Amino acid sequence: MMEGKFSVIGKSKPRIDGRVKVTGQAKYTGDLKLSNMLVGKILTSPHAHAMILKIDTTEAQRQPGVKAVITHEDVPDLKYGISPARWDENIFCIDKVRFVGDKVAAVAAIDEETVYKALALIKVDYELLPAVFDPIEALQEGAPLVHEQCPGNVNTEIHQNFGDVEKAFAEAYYVRTDTFVGQRTYQCPIEPHSAISVWEGGKLTVYSSTQSPHYFQYYIARQFGLKMGDVRVIKPHMGGGFGGKLEPTGLEFAGAALAMRTGRPVKMFYDRHEMFAHNRGRHKQIMKVTTGVDKHGKILGVHADFIMDGGAYTSLGVATAYYAGAMLPLTYEYENYKFDMIRAYTNLPACGAQRGHGHPQPRYAYECHLDMLAKDLGMDPLELRLINTRKPNTVTPNDFRVNSCELEACLKKAKEISGWEEKRKNLSSGKGIGLAVGSFVTGAGYPIYRTDLPQAAAMIKVNEDGTSATLYTGAVDIGQGSDTILCQMAAEAMGFTYEQMKIVSADTETTPHDFGAYASRQTLMSGAAVKQAGEEVKQQVIEMASMMLQTDYRDLECREGVIWRKTDPSVTITYAAVARDFFVRKGPLVGKGSYTPPKLGGTFKGAPVGTSPAYSFCAQISQVDIDEETGEIKVEHVWDVHDCGTVINPALLHGQVHGALFMGMGEAVWEEVVFDDKGKILNANLGEYRLPTALDMPNITSELVFSPEPEPAGPWGVKEVGEGSTIPTMGCYSNAIYDAMGVRVYSLPLSYEKVWRALKEKREHEQQK
Amino acid sequence: MYLPDFDYIAAATVVKASRLLGSLGPEAKLIAGGTDVLPMLKQGTLATKTLISINRLSELKNISFEKGKGHIIGALATHNEVMKSPVLQEKYMSVCETAHRMANNQIRNIGTIGGNISNAVPSADFPPILIALGATVTLQNSSGSRTLPLEGFFMGPRQSVIAQDEILTEIVIPENGFSGSTYHKFGLRRSGALAVVGVAVAVAMEGNICKDACIVLGAVAPTPMRAKEAEALLRGKEVSDALLEKAGKLAAAASNPITDIRGSEEYRRDMVRVFTRRCLRKAMDNGHV
Ligand SMILES: Cc1cc2nc3c(=O)[nH]c(=O)nc-3n(C[C@H](O)[C@H](O)[C@H](O)COP(=O)(O)OP(=O)(O)OC[C@H]3O[C@@H](n4cnc5c(N)ncnc54)[C@H](O)[C@@H]3O)c2cc1C
């Protein structure tokens, strides 16, 4: 279908960075070595909650090779954070530490060995304070206060009420309530966080493993009182982020301060253990959901009542808290919706945004809850969903406008390719099949801090001899492949070839502004800017060619580096020839573009969170095999059907589905950050924090459905895929386990032992009867 | 986390390594593959001033069969060398499979069988199957050597009978009458997980009669432990599913697991029951697998 329409997009072009990555030529931040570079590290708190009485750095300063030791006294005391509503972090703790891993001091020295030795020589006197590690306890009266200015440890409180839920429940044929608990997980990007700060001639340059050079630039400039123009953030090649590298990590603040003090470049990094301690992973959530239905199973109203463990700081948690409830009504149509949420402070590492931001756990809760409702009603869970599925061109109760939406087609296709009906009846004992759906924003409608900057901008320069073109974009390739697909989009819009595209990206000085890689925004938002820039180039090329060929420009077509006459295709001229001539006569051949979404969403408190120009939809079905004696879960097959709009690069798209599924799977069955009773992480390593391995992965069928009318909000009708596939997985497995064994595990992860225990309890219960 | 300072001496012979260990005393530590020593040094759970490497002693890598003695495995054989050894594959696929399921490929390339045993960690994978097959270990120092059953080697978590100046040189699986053996590591994912429960069995079958059985449990007591009541139940009996289930229950009752982040005591105990029964069935039906 796409073959004729497009020349470059819709094809599995090889990654633009594939060759340098597989040959090891690609340089990540940690690989960079600048001359005279120092190594820096942060000293962190060993206690979950304690007053800092005294910090003595004399001995550390005296250690040969140490160039600087700094504490809160040496840096600005301005509070920062990524949620402007709640700036609550300092570069270094001033009077107290709030979790094991809180930042206390930093050292720069000539090498790593010296840094570690110096860290051990810093003496900090602490006075221990009582600590709180559970969000429900933290909200109780008399609980230790994590932040004195924040009574009751309430970090974020949300009460949203759309329609009349009480009335809906009162009129419902059936109402059911369930409570589920999600766990803390951590993103575990393969590449550890690192940053190199260079302070030269009044300008600060930071190479950083970041998802958003722009936000880093903004926060660093603000923190040190610099103009944004005097701060340059560059993102080298990157090995993943998944949400954990979206906000300042502390490394760039400490690094900048150390670079300013020593006049030398300073490289800072976290090791695996410190990554876990810095955290900003998925929140633990306690989720109570209530649904009222009529006697056909039509949903009349929903109440989501959640509590979240935010850890010691806000991080991105205000947004996470809103997202948790905001995205629930996307998949099913109902008018009455109530959402209550408290995000509590505790003395644990701060939680933030992780793939699917806030939504996978509530979706797990809701999809399990719906299956139980279906059972109570004696309905097939798939049929119950079909009755309620959102339709295109509708508006959610919380004022999100949904344009394209093929959730129904996703469900029907998933049903067909998985053999749902047959398997529901005839799977052998121990095996089960389960279903869940999901939806996600294609970019957040509004930036994280209030600004009227466009979401994305791009510039394309056709190089002087016309044989190549360079795309300049602030979009951030963190491994997901945005450099590749944006070059495909540029070439398509320009009428050029992908193979001759070059890219400069994610550098706040040389590339146009872009907010970065989060909320699955870049294909649509950065892509829209790139498309516009490409079209501007194409128009200039065609005008030039029209002069050179003495042909009306309306009679010219341009694709894949060739311009020809529509009425006589034998008349052609190469892009290179036209572009070169353009440069000779008129100077640089440049196109530019920018993208600002339309005004989105309602006017109630928190209305912006969850708005998006377009939403992806997906249905997932999984088949599991449960060992009824051990509780072991073998996922045999997963069928994922996505409505993600027009596809730019099928190979990368399905790669995103596989990767998202991998993460969803890990969170569903294996992953959990575990603490001891003093707030110390017990499994801050990849041995005991169990990501799934290749051997644990199921067979995956990743399929797509397309809407008859392409999504109007996206360039060529694109929508997101990067996070959407993480969202249904946990609920999908839970439902499959229930189908296999008739037991429900009410908390994540659905570990072998929990399944074993549920089976044991079920057997004991049956014996008693 | 960063490695502390230490001296490093690569010993040229076993005797020299032993002398160094003897003269430097407890502040010196032997290192083979280092897959356990180095993480402990980084985490600060091991303090040592000198590491004495025996990695150059290629004579300790030998894997062979000697008639009258049995299968000999040098202490420095890596997990992958054990896994790929034709001599072992021919007779004791169960030992090769144990190696195959350990850690990940990188660790299997450098971690050694001697290190796995000497470490004396309750969850280690090699000891249960080797004890089940009646293996002995030879410990050498500068004045001589002694050979003892592996079963008597362990004293507690990270504690064994090995003296400060002794080096484990070889493991021998003597010729024995077992017709089948197997080890099951129950971990919390399919690769790269430590044992929550490990069960090894060796059985001597004559038709459907169990003439002899040895059951060894890992990760459910301070040291690998024999489930002797279960073994006694099986000896001389005609095998049935009910009998194996009963053996599993006896093994579970005898085990002494703890609760930690990998599993509760209760769960571990029940897994002993399940895997004892399954391993017995597997070894009885399929030989050394
Ligand atoms: C990622 C990872 C995964 C792992 N997975 C597993 C697993 O699945 N199953 C498992 O059982 N283990 C596992 N381990 C633990 C470890 O790899 C093994 O126990 C390994 O066999 C240790 O051997 P080594 O040669 O590396 O020992 P080293 O670290 O060199 O030594 C370990 C200890 O034994 C002593 N020692 C070593 N050789 C001798 C000798 N010849 N004589 C006397 N003392 C000696 C050392 O002094 C030290 O105390 C894993 C480790 C890692 C890092």
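The figures that follow rest on heavy atoms only: side chains count, while hydrogens, waters and symmetry mates do not. Just so we're clear, the structure is a prediction, and the values are computed from it rather than from any experiment. By convention in this document, chain letters (A, B, ...) are assigned in the order of the sequence lines, proteins followed by strands, and residues within each chain are numbered from 1.
Atom CG in B:Asp260 sits 8.0 Å away from atom CD in A:Glu688 (nearest 0.5 Å). Atom CZ of B:Arg262 and atom CG of A:Leu682 lie 11.0 Å apart (nearest 0.5 Å). Here the CG atom belonging to B:Asp270 is positioned 7.5 Å from the CD atom belonging to A:Glu629, to the nearest 0.5 angstrom. One finds the NZ atom of B:Lys42 at 12.5 Å from the NE2 atom of A:His273 (value rounded to the nearest 0.5 Å).
Interface remark: A:Glu672 contributes no atoms to any contact with chain B (heavy atom separation under 4.5 Å). Only the side chain of B:Asp5 comes within contact range of chain A, with at least one heavy atom under 4.5 Å from a heavy atom of that chain. Looking at A:Lys634, the atoms closer than 4.5 Å to chain B (heavy atoms on both sides) sit in the backbone and in the side chain alike. Only the side chain of B:Leu194 comes within less than 4.5 Å of a heavy atom of chain A; its backbone N, CA, C and O stay farther away. In this structure, chain B has no heavy atom under 4.5 Å from any part of A:Leu119. Only the side chain of A:Arg757 comes within contact range of chain B, with heavy atoms under 4.5 Å apart. No part of B:Arg268 comes within reach of chain A, as not one of its non-hydrogen atoms sits under 4.5 angstrom from that chain. For A:Asn685, no part lies near chain B; criterion is any non-hydrogen pair under 4.5 Å.
The two residues B:Ser264 and A:Glu753 have their closest heavy-atom pair at OG-OE2, 2.5 Å. Closest approach of B:Arg189 to A:Leu686, counting heavy atoms only: NH2-O, 3.1 Å.
Counting non-hydrogen atoms of neighbouring residues, nucleotides and ligands closer than 6.0 angstrom, the NZ atom of B:Lys246 reaches no more than 12 such neighbours. Open room surrounds CD on A:Glu628; 12 or fewer heavy atoms of other groups in view lie less than 6.0 Å from it. Heavy-atom neighbours of A:Lys754 NZ from other residues, nucleotides or ligands within 6.0 Å: above the threshold of 12. Heavy-atom contacts from other residues, nucleotides or ligands closer than 6.0 Å to NZ of A:Lys284 number 12 or fewer.
Of the residues considered (A:Thr693, A:Thr630, A:Asp271, A:Val674), A:Thr630 shows the highest number of contacts with chain B, using heavy-atom pairs under 4.5 Å. When A:Lys117, A:Lys41, A:Arg272 are compared by the number of non-hydrogen pairs under 4.5 Å with chain B, A:Lys117 comes out ahead. Among the candidates A:Leu695, A:Val669, A:Asn683, the residue making the largest number of heavy-atom pairs closer than 4.5 Å to chain B is A:Leu695.
Classification of the B:Phe186-A:Tyr752 ring pair by plane angle, with boundaries at 30° and 60°, yields tilted.
The backbone N or O of B:Leu188 sits less than 3.5 Å from a side-chain atom of A:Trp670, completing a donor-acceptor pair.
Remark: A:Asp696 engages B:Arg190 in a salt bridge, criterion side-chain N to carboxylate O under 4.0 Å. Here A:Lys760 pairs with B:Glu266 in a salt bridge; the nearest charged N to carboxylate O distance falls below 4.0 Å.
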